[in-house]
2 protein chains.
Amino acid sequence: MSLNLDESLHRLIHCYKSEIKNAITESNLSLHVGHIRALKCIQRIPNCSAQIISKKMNLDKSQIARIIKELQTKGHIEKHPNPDNHRSQLLVLTEQGKQAIDTITTLDGETSLKMTNGLTEQQIHDFKHYVEIMTKNLCA
Amino acid sequence: MSLNLDESLHRLIHCYKSEIKNAITESNLSLHVGHIRALKCIQRIPNCSAQIISKKMNLDKSQIARIIKELQTKGHIEKHPNPDNHRSQLLVLTEQGKQAIDTITTLDGETSLKMTNGLTEQQIHDFKHYVEIMTKNLCA
DNA sequence: TTTCTCAGTTGATAATGTCAATTGAGGTTT
DNA sequence: AAACCTCAATTGACATTATCAACTGAGAAA
């Protein structure tokens, strides 16, 4: 039986958040976990928009709107008009944003490495696969 | 590489929380995810105290104190003196609390079942094992 | 022109997480 | 006994994250 599976997950996420948060603050990047997640999304997805982030992160669009506004204020991203959709805005990283992402990627890599210590590539791969299956099962 | 592993986890937890939350509200139990986690802790651990929950859930003791107060106000638990430690309080489920836990266990089981659909017992077991390794790696 | 559409925005509020200071009953020291 | 110490629990203040509903407004459709 999958006893306490959920509780284990809660704890893992909690630890991961703390870890990332500490790493970020130590690098003098005044960003939250939410900002980080959004930035990574923007970096990863070409022609990214608020709506896309919202779907990718399973978060309410209002929260995304606020995160984006903050990232824009901080000078990490810019909003460009989308030629294909007048209502949508393309989110683009500024130079500063790219630098931030670089720092984040490094920190994130260290954290991931620390987190997955003792697991083989295959096990990590499987793990990720299981996570995806479970997510699909819930948010179909 | 463990790319986006963290993002997948965030999404999974988010979906899981929504699922449980919906299930709980539909059962007219006005409890939050935090309440649920604490109740399950109290049920699972004999002679449970606030401090123990705090450690098990990796949450700040202040948050636990508030959750416990709410559970007590709602009549789900009682605080009994701990004969072994005058400062600590044993948390005990009331009859009402036991009923709530029963309901929760059912809902939780359904959610877990839905979530792990398509995975074998072995895979679920492995998954949980990986989660534990990663948690230990981070919160050593 | 008027109406409609819909990505994004804003407001209000709830839930969760964090840090620091305080409480207070019982043990320890002098 | 009085002053001091310990430490689980509590409280206060605040930051972060999440949710829901109402609103905007520029262009498409009628």
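Residue numbering restarts at 1 for every chain, and letters A, B, ... go by the order of the sequence lines.
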For atom NE2 of H10(B) and atom P of dT16(D), their distance in whole Å: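 Distance check: H10(B) NE2 to dT16(D) P gives 15 Å.
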Is it true that the side chains of [X] and [Y] contain a donor and an acceptor less than 3.5 Å apart?
| X | Y | answer |
| --- | --- | --- |
| E26(A) | N22(A) | no |
| H35(B) | E70(B) | yes |
| S30(B) | K74(B) | yes |

Are OP1 or OP2 of [N] and a side-chain N or O of [X] less than 4.0 angstrom apart?
| X | N | value |
| --- | --- | --- |
| H14(B) | dT19(D) | yes |
| K21(B) | dA14(C) | no |
| Q63(A) | dT16(D) | no |
| H32(B) | dT16(C) | yes |
| K61(A) | dA21(D) | no |

Proximal nucleotide (of [options]) relative to the [X] side chain:
| X | options | result |
| --- | --- | --- |
| R87(B) | dA25(C), dC19(C), dT10(D) | dA25(C) |
| L59(A) | dA18(D), dA7(C), dT9(C) | dA18(D) |
| H86(B) | dA26(D), dT10(D), dG26(C) | dG26(C) |

| said: With a 3.5 Å cut-off and heavy atoms only, can you find an N or O donor on one side and an acceptor on the other between the side chain of R66(B) and the base of dT18(C)? | reply: yes
>> Quiz question: going by heavy-atom distance under 3.5 Å, is there a donor-acceptor pair between the base of dC19(C) and the side chain of S62(B)?
In response: yes
Backbone N/O of G75(B) and side chain of T94(B): donor-acceptor pair under 3.5 Å: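 Present.
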Contact class for S18(B) vs. all strands (heavy atom < 4.0 Å): base, sugar-phosphate, or nothing?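 Answer is sugar-phosphate: S18(B) comes under 4.0 Å of backbone atoms only.
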